[in-house]
Amino acid sequence: MQPPDHATDLTLPDRIADASPARRTALVEDLVRWTYARLLGEATAWCDRLAPAEAGDRIAYLVPPGRIHVAVQFGVWARGAVAVPLAVSHPLPELEHVLDDAGPRVVVIDPTLPQAPRLTASARARGAAVVTIPIPPPTVHHPRTDPLPTRPRPTDPALLVYTSGTTGRPKGVLTTHGNLTARITVLTAAWGWTASDRILHTLPLHHIHGLVNALACALWSGAACEFGTGAPAATWDRLASGEITLFMAVPTVYGRLIRAWQEAPEPVRRRWSEGVAGLRLMVSGSAALPARIFGQWREITGHTLLERYGTTEIGMAFSNPLAGERRPGHVGPPLPGVEARIVDDRGHPVPPGGGGEIEVRGPQVFGAYWNRPGDTAAAFRDGWFRTGDEGCVADGGYLRILGRRSVDIVNTGGYRVSALEVEEVYRTHPAVRDVAVVGVPHREWGEQLHALWVPEDGRRRPPGVELRAWGKERLAPYKVPHRFRAAPTLPRSTMNKVLKAEVRRMFME
Ligand code: AMP
């Protein structure tokens with residue numbers, strides 16, 4: 001991998017104001033195209049509209065992913081304020097939690113969203129000024145190409161992103177402009193971004209996957225970011241258009257695209273498969289990529305998905321290589337500039353090949369949870385961020401993720417079992433489309449493994465005893481779930497992560 005270019009005192013707003021190709025396409029949405037000059041002009045206009053806020057204030061915004069969202073984000077930075085993107089998929093109580101926690105001075109709201117009227121009232125009741133997106137948006141007649149009104153410094157706070165959080169209420173992860181630059185420069189170098197790239201962007205923008213890996217890397221590179229709706233057929237059509245070079249998604253989305261392909265008529269399948277051949281990179285992350293999806297995707301498209309691992313707090317830490325082996329079930333070696341170690345419960349590094357908690361340090365790691373000094377202190381050990389994920393390092397320094405310590409590492413009769421490993425095996429059963437394995441408290445075993453599974457359409461549904469017997473031929477006996485329960489879907493968060501706590505609750509009821 002190329003070492004990143006260490007432009008660490010440059011920030012993303014500096015980069016697009018000074019180095020972006022003014023007349024090249026920055027953003028595309030529906031049939032509207034914005035150049036970099038237009039984006040800067042719109043950001044400056046937004047900076048003016050956000051007038052009540054001052055440097056350091058938080059500005060929250062509920063705006064669907066797209067060019068207006070991006071203009072607001074850069075407008076916030078041009079005021080020297082902290083961007084707090086709100087999730088359009090979240091119900092009002094979740095949004096109010098962010099308002100209460102972040103205390104924004106201004107809240108920008110798209111009035112066409114269903115939560116808009118109540119969120120407006122909630123924001124005003126909390127003393128925030130509300131700025132409504134004009135519909136239709138006003139035209140900027142004289143896009144500015146001169147510098148943005150304020151240039152943040154690398155040490156200034158940039159983003160407050162709320163983590164999905166497997167326990168407790170979501171916490172605000174505060175990253176600086178310097179953290180963002182470190183994350184972007186590492187990824188743009190590792191994944192070979194250039195100004196000729198065009199990414200199809202179908203991810204949410206209140207989360208680092210869509211915000212940093214996809215959007216920020218594109219803009220840093222002077223590339224084009226095209227927003228898509230995410231509907232499977234429309235996604236395939238755009239991917240097969242010959243205009244897209246890059247795509248990033250979570251494993252569930254790749255699963256949906258595979259199903260849409262399987263259900264399409266033969267000529268359409270052929271057009272899609274042939275059309276995507278021209279992409280240069282397809283990335284998966286934010287949850288473990290099942291080997292079955294990895295394999296099916298390769299069969300259908302000829303592309304070997306590049307799986308990476310990271311979190312809101314640390315950015316991306318491990319990645320399979322752009323050139324070189326992309327190993328299924330593994331997330332590759334650490335990215336350049338990222339230090340990582342695997343430690344036991346007492347924080348001692350484990351011998352090579354052993355499993356333990358993944359700890360990370362480096363310039364991309366965040367500084368603090370917003371207003372939570374206790375949580376922040378607990379999240380670090382001697383300067384290393386404790387990810388809460390378990391992993392083990394295999395041949396060639398490739399990391400295998402074993403799962404979240406709190407939910408995926410199950411202690412049954414003294415054996416530590418990775419739920420992800422068991423799920424991976426059961427996904428190869430022809431009747432199983434998907435499965436979530438959890439540990440449920442048990443008097444004798446401490447915890448016992450239970451599996452919630454989604455049957456494949458049109459297949460005979462094997463009873464639990466048969467699924468257990470099948471598992472025993474493939475897994476150590478203590479890794480075979482005791483109970484199986486079928487369900488039409490798995491409970492998932494808006495980020496498509498399986499809600500293991502909810503699965504566990506279903507079994508405990
Ligand atoms: P978030 O902060 O929402 O991005 O969630 C980060 C969490 O997603 C990590 O702590 C992991 O538990 C999980 N995660 C991200 N990427 C992967 C991956 N490639 N394989 C397994 N889990 C992943």
Side-chain angles (χ1 to χ4, degrees), residues 85 87 89-90 94 159-175 179 183 187 203-214 248-255 282-291 293-294 305-321 326-335 338 340 342 355 357-360 364-366 369 375 379 385-394 398-409 418-424 427 436-437 492-501:
S89 53
H90 283 183
E94 293 269 4
L159 261 184
L160 193 53
V161 168
Y162 279 75
T163 50
S164 16
T166 43
T167 50
R169 301 305 306 270
K171 296 190 277 280
V173 174
L174 189 63
T175 44
N179 292 145
R183 294 175 183 197
L187 283 188
L203 291 157
L205 279 180
H206 67 279
H207 186 263
I208 49 155
H209 194 172
L211 215 164
V212 178
N213 301 15
M248 295 178 192
V250 298
T252 331
V253 166
Y254 284 108
M282 304 187 101
V283 180
S284 172
S286 292
L289 174 66
I293 293 184
F294 179 94
L305 288 174
L306 180 153
E307 185 175 7
R308 57 48 173 191
Y309 161 84
T311 80
T312 309
E313 291 89 341
I314 60 174
M316 296 304 113
F318 287 78
S319 171
N320 276 287
R326 297 183 195 163
R327 202 180 296 170
H330 294 75
V331 293
L335 282 157
V338 176
I342 309 288
E357 183 171 7
I358 306 159
E359 292 189 342
V360 170
Q364 26 184 85
V365 176
F366 82 128
Y369 293 113
D375 287 329
F385 176 70
R386 309 169 66 172
T387 62
D389 291 313
E390 292 227 349
C392 66
V393 178
Y398 278 50
L399 181 73
R400 192 157 77 86
I401 306 288
L402 300 171
R404 297 262 343 132
R405 277 164 82 81
S406 51
V407 286
D408 293 322
I409 306 296
S418 157
L420 302 194
E421 181 195 348
V422 181
E423 290 163 5
E424 203 49 304
R427 277 195 209 99
V437 170
R492 287 183 187 273
S493 71
T494 52
M495 292 307 302
N496 270 312
K497 292 185 206 275
V498 175
L499 296 167
K500 289 276 176 108

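In this text, all values refer to a predicted model and were calculated from it rather than measured experimentally. Side chains are part of it too, since the values below use all heavy atoms of this structure and drop only hydrogens, waters and symmetry mates. Just so you know, ligand 1 is whichever comes first in the structure, and atom 1 is the first atom listed for that ligand.
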Closest non-hydrogen contact found for P251 with G285 is CD-O, 3.5 Å
Note: L402 and D408 closest approach over all heavy atoms is O-CB, 4.2 Å
Proximal ligand 1 atoms for [X], defined as those under 4.0 Å from one of its heavy atoms:
X: V331; answer: 19 (N)
X: R308; answer: 16 (N), 18 (C), 19 (N)
X: R404; answer: 10 (O), 12 (O)
X: T312; answer: 1 (P), 2 (O), 3 (O), 4 (O)
X: H207; answer: 1 (P), 3 (O), 4 (O)

Of D389, N320, V250, the one whose closest heavy atom lies nearest atom 10 (O) of ligand 1 is D389
In terms of its nearest heavy atom to atom 22 (N) of ligand 1, the top option of S319, A288, G310 is A288
Please examine the side chains of [Y] and [X], heavy atoms only from C-beta on, and report whether any two atoms are closer than 4.5 Å.
X: T311; Y: T163; value: no
X: V338; Y: F318; value: no
X: Y369; Y: V173; value: yes
X: T494; Y: E94; value: no
X: V498; Y: R492; value: yes

side-chain contact (heavy atoms from CB on, under 4.5 Å) test vs S319 passes for just one of L187, L399, L306, V283, namely L306
[X] N/O to ligand 1 N/O under 3.5 Å:
X: T387; answer: no
X: T163; answer: no
X: Y309; answer: no
X: E313; answer: no

Pairing of R400 and E424 as salt bridge, 4.0 angstrom limit = no
- Keeping the roles fixed (side chain from N320, backbone from H330), state whether a donor-acceptor pair exists under 3.5 Å. yes
Exercise for review: Return yes if some donor-acceptor pair links the side-chain N/O of E307 with the main-chain N/O of L289 below 3.5 Å, else return no.
Suggested key: yes
State if [X] counts as touching ligand 1 under the rule of any non-hydrogen atom under 4.0 Å.
X: M495; result: no
X: K497; result: yes
X: G403; result: no

Measure [X] to ligand 1 on non-hydrogen atoms and call it side chain, backbone, both or neither using the 4.0 Å cut-off.
X: E307; answer: side chain
X: T311; answer: both
X: S286; answer: backbone
X: A287; answer: backbone

